[in-house]
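Residue numbering restarts at 1 for every chain, and letters A, B, ... go by the order of the sequence lines. Every heavy atom of this structure was used, including side-chain atoms; hydrogens, water molecules and symmetry mates were not.
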Protein chains: 2
Amino acid sequence: MSLRYALLGLLAEEPASGYDLAGKFERNLRRYAWHAQQSQIYPELNRLAADGLATLVEQGPRGRRTYAITDAGRIELRRWILDPNDEPIVRNEHTLKLFLLSTLDSQEARQVLQQQAESSLKEHERLRAAIDEASHTGQPPVALFAAELGARYFQTVHEWALWALERLDNT
Amino acid sequence: MSLRYALLGLLAEEPASGYDLAGKFERNLRRYAWHAQQSQIYPELNRLAADGLATLVEQGPRGRRTYAITDAGRIELRRWILDPNDEPIVRNEHTLKLFLLSTLDSQEARQVLQQQAESSLKEHERLRAAIDEASHTGQPPVALFAAELGARYFQTVHEWALWALERLDNT
DNA sequence: TCCTCCATGTAACATGTTACATGATTTC
DNA sequence: GAAATCATGTAACATGTTACATGGAGGA
């Protein structure tokens with residue numbers, strides 16, 4: 001059901017069409033939090049509307065349908081976020097590969113770690129720049145918490161990869 | 001297909017039964033890397049064997065069936081790990097909730113952040129203790145890389161949650 | 001006019017979840 | 001002898017993926 005709440009959460013920020021939501025998933029959620037395809041989003045949006053958690057607020061050009069969250073939707077969303085689920089679902093292909101590093105020989109492991117060190121540094125810098133830029137726009141601080149977590153996460157992965165490479169060399 | 005490679009990876013470390021693999025998922029992978037149910041593992045193990053990537057090596061009491069990875073399995077596993085997939089799948093219910101924090105009022109956000117600060121500290125300490133204990137057993141350093149990443153990850157989340165709480169209070 | 005992007009959807013298939021079914025072995 | 005744990009599986013259902021289908025609007 002997480003997809004449902006991800007959509008509800010995005011709609012809680014501002015009204016949006018399925019197309020908009022697919023873009024937000026792609027830009028904001030896919031890399032860290034939740035992956036969803038466009039073909040999943042449209043049917044779920046319609047179910048959300050059928051269940052009274054979202055409502056169609058505008059029809060635009062090219063058949064564009066803009067939805068907003070309803071009061072019932074906000075209540076349901078809040079309930080879900082505040083519910084302390086101690087067995088949340090985690091699936092991360094990247095991390096899985098890092099867990100399986102010990103099945104490679106050390107030259108191959110080095111290759112994976114080097115790729116990792118590079119890509120996490122790049123992600124870190126991209127997020128830092130985005131945060132810098134957004135911090136001038138007068139948003140409430142909470143709006144940048146997620147980006148800050150992302151930036152710190154990629155920095156951690158970067159530092160870890162360098163540490164692991166060093167340990168591998170001293171063997 | 002990630003489940004398939006997760007199983008192959010675990011079998012690359014040592015031969016195991018479906019029951020063993022379910023336990024390894026639960027203890028090692030579920031929280032950070034990949035989630036899988038016991039009811040998914042058994043059929044996939046059988047498919048792995050049918051495809052020649054794993055092979056039945058022992059039948060024990062209570063119908064226990066121990067599998068080992070084959071050479072073809074190792075090749076396939078290595079191919080997958082080394083393949084730099086730049087759009088890996090990420091699904092993390094926990095992180096998703098953190099991304100939706102800005103849809104809550106500040107008192108509710110504080111509540112979520114406090115829970116988060118606490119649970120990440122606990123996880124961090126648990127992993128540090130496990131690493132400490134394992135570091136005396138003379139394993140190759142690479143065997144502890146994943147645990148180290150996990151420990152650093154939870155420390156990062158912990159520090160971030162404290163930082164976010166502070167920022168929330170200064171508003 | 002052509003190309004790109006906007007925009008919504010469906011169908012077939014693969015993967016993942018929940019609930020159930022069954023029984024052996026070990027430990028207290 | 002009762003309870004916990006080991007052990008493998010299936011069936012019905014929910015969720016997610018890939019490929020396809022369709023067409024409007026805006027800019028070069």
Side-chain angles (χ1 to χ4, degrees), chain A residues 1-8 10-11 15-27 29-31 33-51 54-67 80 85-93 96, chain B residues 1-8 10-11 15-27 29-31 33-51 54-67 80 85-93 96:
Chain A
M1 299 292 283
S2 292
L3 170 64
R4 152 159 291 207
Y5 295 105
L7 290 173
L8 231 31
L10 293 175
L11 289 178
S17 67
Y19 189 83
D20 296 337
L21 292 166
K24 282 168 193 276
F25 261 94
E26 190 58 25
R27 286 188 304 276
L29 296 179
R30 211 207 61 202
R31 268 176 265 236
W34 208 261
H35 180 85
Q37 315 271 138
Q38 171 252 68
S39 65
Q40 242 186 311
I41 291 171
Y42 286 109
E44 187 61 38
L45 245 189
N46 287 328
R47 278 190 288 270
L48 240 26
D51 294 346
T55 182
L56 183 64
V57 287
E58 195 197 327
Q59 305 220 35
R62 284 172 280 194
R64 179 188 170 86
R65 299 158 65 82
T66 305
Y67 290 87
W80 180 77
N85 176 0
D86 55 343
E87 302 219 334
I89 287 167
V90 174
R91 287 203 169 89
N92 190 322
E93 237 175 56
L96 177 57
Chain B
M1 300 293 283
S2 292
L3 170 64
R4 153 158 288 207
Y5 295 105
L7 290 173
L8 232 32
L10 293 175
L11 288 178
S17 67
Y19 189 84
D20 296 337
L21 292 167
K24 282 167 193 273
F25 262 93
E26 190 58 24
R27 285 188 305 276
L29 297 179
R30 210 207 59 202
R31 267 176 265 238
W34 207 261
H35 180 85
Q37 315 272 136
Q38 170 253 67
S39 65
Q40 242 186 310
I41 291 172
Y42 286 109
E44 187 62 37
L45 245 188
N46 286 329
R47 278 191 288 270
L48 240 26
D51 294 347
T55 183
L56 182 64
V57 287
E58 195 196 327
Q59 306 220 34
R62 284 171 281 196
R64 178 188 171 88
R65 298 158 65 79
T66 305
Y67 291 85
W80 180 77
N85 176 2
D86 53 344
E87 304 218 336
I89 286 167
V90 174
R91 286 202 169 91
N92 189 323
E93 238 176 55
L96 177 57

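- Side-chain proximity of A/H35 to C/dT8, D/dT8, D/dT17: nearest is D/dT17.
- Rounded to whole Å, atom P of D/dT17 lies 14 Å from atom CG of B/L3.
- Listed pair B/Q38 / D/dG9 fails the phosphate criterion, with no side-chain N or O lying under 4.0 Å from OP1 or OP2.
- The heavy-atom pair separating A/A54 from A/L11 by the smallest distance is CB-CD1, 3.9 Å.
- If you measure from atom OH of B/Y42 to atom P of C/dT18, you get 18 Å, rounded to the nearest angstrom.
- Atom-to-atom, CZ of B/R64 to P of D/dA7 comes out at 4 Å; the value is rounded to the nearest Å.
- Nearest heavy atom pair, residue A/A6 against residue A/L29, reads CB-CD1, 4.4 Å.
- Considering only side-chain N and O atoms, A/R91 lies under 4.0 angstrom from the phosphate OP1 or OP2 of C/dT17.
- Using a 4.0 Å cut-off, no side-chain N or O of B/Q37 falls inside it from OP1 or OP2 of C/dG16.
- Residue B/R47 is out of contact with every strand shown, counting any heavy-atom pair closer than 4.0 Å.
- When the nucleotides C/dT8, D/dT8, D/dG9 are ranked by their closest atom to the side chain of A/Y19, C/dT8 comes out on top.
- OP1 or OP2 of D/dT15 has not a single side-chain nitrogen or oxygen of A/Q40 nearer than 4.0 Å.
- Mapping A/A36 and A/G63 onto DNA chain D by nearest heavy atom places A/A36 at the nucleotide closer to the 5' end.
- For the OP1/OP2 pair of D/dA25 and a distance below 4.0 Å, the side-chain nitrogens and oxygens of A/R62 include no atom meeting the criterion.
- Of the residues listed (B/E93, B/H35, B/R31), the one engaging A/P88 in a side-chain contact (heavy atoms from CB on, under 4.5 Å) is B/E93, and it is the only one.
- A donor-acceptor pair under 3.5 Å is absent between the side-chain atoms of B/R91 and the main chain of A/W34, judged by distance alone.
- If B/N46 and A/E44 are placed on DNA chain D by their nearest nucleotide, the residue sitting closer to the 5' end is B/N46.
- The side chain of A/R65 has C/dT8 as its nearest neighbour among C/dT8, D/dA7, C/dT10.
- Here D/dG16 presents its P atom at 16 Å from CZ of A/R30, a figure rounded to the nearest Å.
- Distance from the side chain of B/I89 is smallest to D/dT17 among D/dT15, D/dT17, D/dC6.
- Rounding to whole angstrom units, CG of residue B/L48 and C1' of D/dT8 are separated by 16 Å.
- Between the CZ atom of A/R4 and the P atom of D/dA14 there is a distance of 13 Å, given to the nearest Å.
- Distance B/L45 CG to C/dG16 P: 14 Å, rounded to the nearest Å.
- Between A/E87 and B/R30, at least one side-chain nitrogen of the basic residue sits less than 4.0 Å from a carboxylate oxygen of the acidic one, meeting the salt-bridge criterion.
- Between B/L7 atom CG and C/dT15 atom C1' there is a gap of 13 Å when expressed in whole angstrom units.
- Of the candidate nucleotides C/dT15, D/dA25, C/dA19, C/dT15 has the atom nearest to the side chain of B/M1.
- Not a single donor-acceptor contact under 3.5 angstrom links the side-chain atoms of A/S17 to the base of C/dT8.
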Decide side chain to side chain contact (heavy atoms under 4.5 Å, CB included) for B/D20 and B/F25; before the verdict, give the C-alpha distance in whole Å, the side-chain angles of both, and the deciding distance to 0.1 Å. CA-CA 9 Å; B/D20 296 337; B/F25 262 93; over 6 Å; no

